[in-house]
Amino acid sequence: MNAPSRRVELKLIRDRDHYDVLVQRVMAKARVSLWIATANVKELRIEAPVGSRARARGRYVSLLDLFADLSARGVELRLLHAGVPSRAFRAELERHDKLAAGALEMRCCPRVHLKMIAVDGSSLYLGSANLTGAGL
């Protein structure tokens with residue numbers, strides 16, 4: 001018996017598109033779930049949301065601010081990582097009480113090397129970019 005075929009849209013993500021497409025478009029528009037797997041987790045600063053005073057001033061905010069906004073909208077957040085997150089990431093996480101209390105479900109597995117971002121069960125990134133400024 002043949003499995004039913006399914007059409008998928010594929011797009012090569014490279015260079016600046018890691019940030020523009022993955023962070024600004026796909027992750028920011030999550031409605032149901034955002035699952036991330038990465039070897040390294042570091043504090044990542046992103047452009048403030050469009051329409052905000054911070055954006056008008058050219059400021060950057062933590063990626064955890066985006067996660068907090070998503071969590072407030074009911075988006076399920078999961079992060080699978082290999083090592084201890086950076087000190088700056090941990091300090092920023094402490095500022096976000098709800099994320100630190102479990103709204104961001106984090107699990108450490110030292111053998112993880114996979115880099116994956118799954119959004120709403122409909123968008124999937126598989127590649128080599130860690131959840132770091134250099135990666136994204």
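- Annotation: the span from L64 atom CG to D69 atom CG amounts to 11.0 Å, rounded to 0.5 Å.
- The side-chain contact (heavy atoms from CB on, under 4.5 Å) test applied to V26 returns V21, V119, S123, not counting sequence neighbours.
- Between the side chain of D120 and the backbone N or O of A30 there is no donor-acceptor pair closer than 3.5 Å.
- Taken from CZ in R14 to OG in S128, the straight-line distance is 12.5 Å, to the nearest 0.5 Å.
- Minimum interatomic distance between L66 and A28 (heavy atoms only, all atoms of both residues): CD1-CA, 3.9 Å.
- Under the side-chain contact (heavy atoms from CB on, under 4.5 Å) criterion, E94 pairs with no residue, sequence neighbours left out.
- In the hydrophobic cluster analysis, where Ile, Leu, Val, Met, Phe, Trp and Tyr join through side-chain heavy atoms closer than 4.5 angstrom, I13 is grouped together with Y19.
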**OP:** Using the side chain to side chain contact (heavy atoms under 4.5 Å, CB included) rule, take L63 and E43 through it: C-alpha gap first, then chi angles, then the decisive distance, then the call.
**Re:** CA-CA 7 Å; L63 179 67; E43 168 60 356; 5.8 Å; no
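- No continuous path of hydrophobic side-chain contacts links L70 to W35 [ILVMFWY only; heavy atoms under 4.5 Å].
- For the residue pair A68 and H96, the shortest heavy atom distance occurs at CB-CD2, 3.7 Å.
- A continuous path of Ile, Leu, Val, Met, Phe, Trp and Tyr side chains, each step under 4.5 Å between heavy atoms, connects V23 with L77, placing both in one hydrophobic cluster.
- Tracing side-chain contacts under 4.5 Å through hydrophobic residues (I, L, V, M, F, W, Y), one reaches I36 starting from V61; they form part of the same cluster.
- Residues R95 and D65 are paired through a salt bridge, judged by an N-O separation under 4.0 Å between the basic side chain and the carboxylate.
- Between the side chain of S86 and the backbone N or O of F89, at least one donor-acceptor pair lies under 3.5 Å.
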Listing, residues 97-117 side-chain donor-acceptor contacts under 3.5 Å, not counting sequence neighbours, or none:
from: H113; atom 1: NE2; to: K115; atom 2: NZ; distance (Å): 3.0
from: K115; atom 1: NZ; to: H113; atom 2: O; distance (Å): 3.0

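- The backbone N or O of D15 lies less than 3.5 Å from a partner atom in the side chain of H18, making a donor-acceptor pair.
- At least one side-chain heavy atom of L131 sits under 4.5 Å from a side-chain heavy atom of L79.
- With no hydrogens or angles considered, no side-chain donor-acceptor pair links T132 and N40 at under 3.5 Å.
- Atom CZ of R45 is separated from atom CZ of R59 by 10.5 Å, given to the nearest 0.5 angstrom.
- The pair R90-E92 does not count as a salt bridge, with every side-chain nitrogen at least 4.0 angstrom from each carboxylate oxygen.
- Heavy-atom minimum distance, R55 versus P49: CB-O, 3.1 Å.
- Taking OG1 of T38 as the reference point, atom CG of L80 lies at 9.0 Å (rounded to 0.5 Å).
- E76 and R78 are joined by a salt bridge, as a carboxylate oxygen and a charged side-chain nitrogen come within less than 4.0 angstrom of each other.
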